[in-house]
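Have a look at the structure below, then the notes.
Both backbone and side-chain heavy atoms feed into the values below; hydrogens, waters and symmetry mates do not. Position 1 is the first residue of the sequence, and the numbers go up from there.
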Amino acid sequence: LFRSKEVEYKVICTTNLVDLTIENEGGGVSQFDDMATPWSYIFEVVRPDYGYVFVYVSAQNQQNSGSVTAQIYVDGMLYKTSTSTGAYVITTASGSVDW
């Protein structure tokens, strides 16, 4: 019942350069500027008392063209994905991981 789950954020951008905002393993927000892609961030979450964990990854293309994709995997399975195309676009994937 209190098994941990592995969460992975993945970001791919055709222009290879993004700014990122994520919900981290501590429930806070982390930001990363000018990150090369493909980028990934993996962490373990344990079921909290209220039974779910909010997950969030947002990526902004740092060039005047191209597409950016944000994905969330839970225990190796694709959970959410989002793609945006264009100059300096932002794409966001988010949801609640339940037990």
Side-chain angles (χ1 to χ4, degrees):
L1 180 62
F2 290 94
R3 185 177 75 86
S4 66
K5 294 190 179 197
E6 181 184 88
V7 174
E8 181 177 10
Y9 299 142
K10 287 186 180 181
V11 175
I12 303 159
C13 185
T14 58
T15 64
N16 198 38
L17 200 61
V18 294
D19 284 352
L20 300 163
T21 303
I22 66 166
E23 181 88 4
N24 62 39
E25 61 269 33
V29 174
S30 296
Q31 293 183 302
F32 306 93
D33 293 332
D34 298 327
M35 300 301 291
T37 64
W39 176 89
S40 104
Y41 184 88
I42 299 172
F43 58 96
E44 294 283 326
V45 292
V46 177
R47 182 187 185 275
D49 290 340
Y50 44 84
Y52 69 91
V53 172
F54 180 67
V55 290
Y56 173 95
V57 57
S58 179
Q60 182 175 19
N61 178 11
Q62 290 303 297
Q63 302 296 324
N64 61 8
S65 66
S67 67
V68 58
T69 299
Q71 298 175 321
I72 301 172
Y73 288 80
V74 178
D75 289 338
M77 305 273 296
L78 181 62
Y79 171 60
K80 297 280 184 172
T81 186
S82 176
T83 300
S84 294
T85 302
Y88 305 99
V89 292
I90 296 173
T91 192
T92 300
S94 65
S96 295
V97 176
D98 299 313
W99 270 257

Nearest heavy-atom neighbours spanning Ser65 and Thr15: O-CG2, 3.0 Å

Residues that Asp33 engages under side chain to side chain contact (heavy atoms under 4.5 Å, CB included), provided they are two or more places apart: Asp19

Let me confirm one number: the CE-CD distance from Met77 to Glu6, rounded to the nearest 0.5 Å. 13.0 Å

Could you give all pairs that pass the ring pair (Phe, Tyr, Trp, His ring centres under 6.0 Å) test and reach residues 7-33, with sequence neighbours left out? Tyr9-Phe43, Phe32-Trp39

Write out all pairs satisfying salt bridge (Lys or Arg N to Asp or Glu O under 4.0 Å) with one or both partners inside residues 50-73, taking only residues at least two apart or from two chains. none

Would you name the heavy atoms of Ile90 and Ser58 that are closest together and state the gap between them? CG2-OG, 3.3 Å

Check whether any side-chain N or O of Thr37 sits under 3.5 Å from a backbone N or O of Cys13 as a donor-acceptor pair, and report yes or no. yes

Give a yes or no on whether Met35 and Val11 share a hydrophobic cluster (residues Ile, Leu, Val, Met, Phe, Trp, Tyr; joining criterion: side-chain heavy atoms under 4.5 Å apart). yes

Across all chains, not counting sequence neighbours, the side chain to side chain contact (heavy atoms under 4.5 Å, CB included) partners of Lys80 are Ile72, Ala93

Is Ser84 close to Asn61 at the side-chain level, that is, under 4.5 Å between some pair of heavy atoms? no

Give a yes or no on whether Val57 and Tyr41 share a hydrophobic cluster (residues Ile, Leu, Val, Met, Phe, Trp, Tyr; joining criterion: side-chain heavy atoms under 4.5 Å apart). yes

State, to 0.1 Å, how close Ser4 and Val46 come at their nearest heavy-atom pair, and which atoms those are. CB-CG2, 4.0 Å

In short, Lys5 meets Asp98 closest at the heavy-atom pair NZ-O, 2.7 Å

Going by heavy atoms in the side chains, are Glu23 and Val7 under 4.5 Å from each other? no

Which atom pair, heavy atoms only, marks the closest approach of Tyr73 to Leu78? CD2-N, 3.4 Å

Is there a chain of hydrophobic side chains (I, L, V, M, F, W, Y, each step under 4.5 Å between heavy atoms) that links Val18 to Ile12? no

Beyond-backbone contact of Val68 with Gln60, side-chain heavy atoms, under 4.5 angstrom: no

Sequence-distant partners of Tyr88, ring-ring contact (aromatic ring centres under 6.0 Å, His included), two or more places apart: none

Test of understanding: with side chain to side chain contact (heavy atoms under 4.5 Å, CB included), list the residues that count as partners of Ser94, not counting sequence neighbours. Phe54, Tyr56

Is there a path from Val89 to Leu20 through hydrophobic residues (I, L, V, M, F, W, Y) whose side chains come within less than 4.5 Å of each other? yes

Tell me yes or no: between the side chains of Glu8 and Tyr79, is some donor less than 3.5 Å from an acceptor? no

Between Gln71 and Thr81, is any pair of side-chain heavy atoms under 4.5 Å apart? yes

Donor on one side chain, acceptor on other, Ser82 and Thr91, under 3.5 Å: yes

